[in-house]
Asker: 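Have a look at this one before I ask anything.
Positions are given from 1 along the sequence.
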Amino acid sequence: MALGTLVLGGITVGPALMIGGFVLGSQGEKALTEARKYEAKVKTEIAKLNVFNEFLGQVQRRISELSDLIKALDARAVEGLEELECKPFSRERDARKFQQVALIIKSLSEIMKTPVLDAEGKLNPVTAIVREKYRTV
């Protein structure tokens with residue numbers, strides 16, 4: 001009789017375990033599907049961050065290039081002004097140097113007025129043109 005009770009108990013527990021296994025299995029599949037969706041979203045966001053990081057690198061390089069150009073032009077302007085100030089101004093002797101210094105100062109003004117980013121927040125292509133234009137001044 002004890003054996004019969006054990007067999008009958010096993011018969012009722014078996015299907016219950018089987019149904020529980022199916023339920024847990026389907027919940028596991030659902031969780032796995034959700035995890036894969038989340039993984040795809042994370043990968044998309046990482047790709048966006050990588051693109052933005054590259055953009056920031058381009059902006060930083062452009063700012064550095066313009067900064068170096070401004071420093072070089074500023075040094076030349078100061079040197080020219082000091083040269084002009086060290087002796088009384090003579091139109092015949094100093095007119096050319098005065099024009100060069102004025103051109104350098106005008107160049108500095110244009111560079112500093114040119115925004116690095118355009119109205120849409122993208123790298124302003126004019127900065128590359130300005131950089132090349134005044135690289136040889």
Asker: Check whether any side-chain heavy atom of Leu49 lies under 4.5 Å from a side-chain heavy atom of Asn53, and answer yes or no.
Answerer: no
Asker: Are Val101 and Leu108 co-members of a hydrophobic cluster defined by side-chain heavy atoms under 4.5 Å apart?
Answerer: no
Asker: Can you tell me how far the CG atom of Asp94 sits from the CD atom of Gln99, to the nearest 0.5 Å?
Answerer: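 Reported value, rounded in 0.5 Å steps: 11.5 Å.
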Asker: Determine, for Lys113 against Glu110, whether the closest basic-nitrogen to carboxylate-oxygen distance falls under 4.0 angstrom.
Answerer: no
Asker: If hydrophobic clusters are built by linking Ile, Leu, Val, Met, Phe, Trp and Tyr wherever their side-chain heavy atoms come under 4.5 Å apart, do Leu66 and Ile63 end up in the same one?
Answerer: yes
Asker: For the residue pair Gly121 and Phe55, what are the closest heavy atoms and their distance?
Answerer: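 It is O-CZ, 3.2 Å.
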Asker: Please determine whether residues Val51 and Leu56 belong to a single hydrophobic cluster, defined as Ile, Leu, Val, Met, Phe, Trp and Tyr linked transitively by side-chain heavy-atom distances below 4.5 Å.
Answerer: no
Asker: If I compare all heavy atoms of Glu83 with all of Lys87, which pair ends up nearest, and what's the gap?
Answerer: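 In terms of heavy atoms, the two residues are closest at O-CE, 4.2 Å.
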Asker: Using modelled atom types only, decide if a donor and an acceptor are shared between the side chain of Ser109 and the backbone of Ile105 within a distance under 3.5 Å.
Answerer: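 No.
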Asker: Side-chain heavy atoms nearer than 4.5 Å, only ILVMFWY residues, links allowed to pass through others: does that put Ile111 and Val59 together?
Answerer: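 Yes, same cluster.
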Asker: As an exercise, state the distance from CG of Leu73 to CE of Met112, rounded to the nearest 0.5 Å.
Answerer: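 Rounded to the nearest 0.5 Å, the CG-CE separation comes out at 9.5 Å.
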Asker: Please say whether more than 12 non-hydrogen atoms of neighbouring residues, nucleotides or ligands are located less than 6.0 Å from NZ in Lys97.
Answerer: yes
Asker: So does Glu54 pair up with Arg61, basic N to acidic O under 4.0 Å?
Answerer: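 Yes, charged N to carboxylate O under 4.0 Å.
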Asker: Measure the spacing between CD1 of Ile70 and OG of Ser107 and express it to the nearest 0.5 Å.
Answerer: 11.0 Å
Asker: Applying a strict under-4.5 Å side-chain criterion to I, L, V, M, F, W and Y, I'd like to know whether Val130 and Leu123 cluster together.
Answerer: yes
Asker: Testing the basics here: between Arg135 and Leu69, what is the closest heavy-atom pair and its distance to 0.1 Å?
Answerer: CA-CD1, 3.9 Å
Asker: Grab the two heavy atoms, one from Ile104 and one from Ala77, that are nearest each other, plus how far apart they are.
Answerer: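 Distance-wise, the nearest heavy atoms are CG2-CB, 3.7 Å.
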Asker: Quick check for you: to the nearest 0.5 Å, what is the distance between Leu103 atom CG and Tyr134 atom OH?
Answerer: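 Answer for the CG-OH pair, Leu103 versus Tyr134, is 7.0 Å.
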Asker: Are Arg36 and Glu39 ion-paired here, with the side-chain N under 4.0 Å from a carboxylate O?
Answerer: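 Judged by the 4.0 Å cut-off on N to carboxylate O distance, Arg36 and Glu39 do not form a salt bridge.
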Asker: What closest approach, in Å, do Phe98 and Leu84 show between heavy atoms, and which atom pair accounts for it?
Answerer: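 Distance-wise, the nearest heavy atoms are CA-CD1, 3.8 Å.
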Asker: Working to the nearest 0.5 Å, report the span between CZ of Arg62 and OG of Ser64.
Answerer: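 Those atoms lie 11.0 Å apart.
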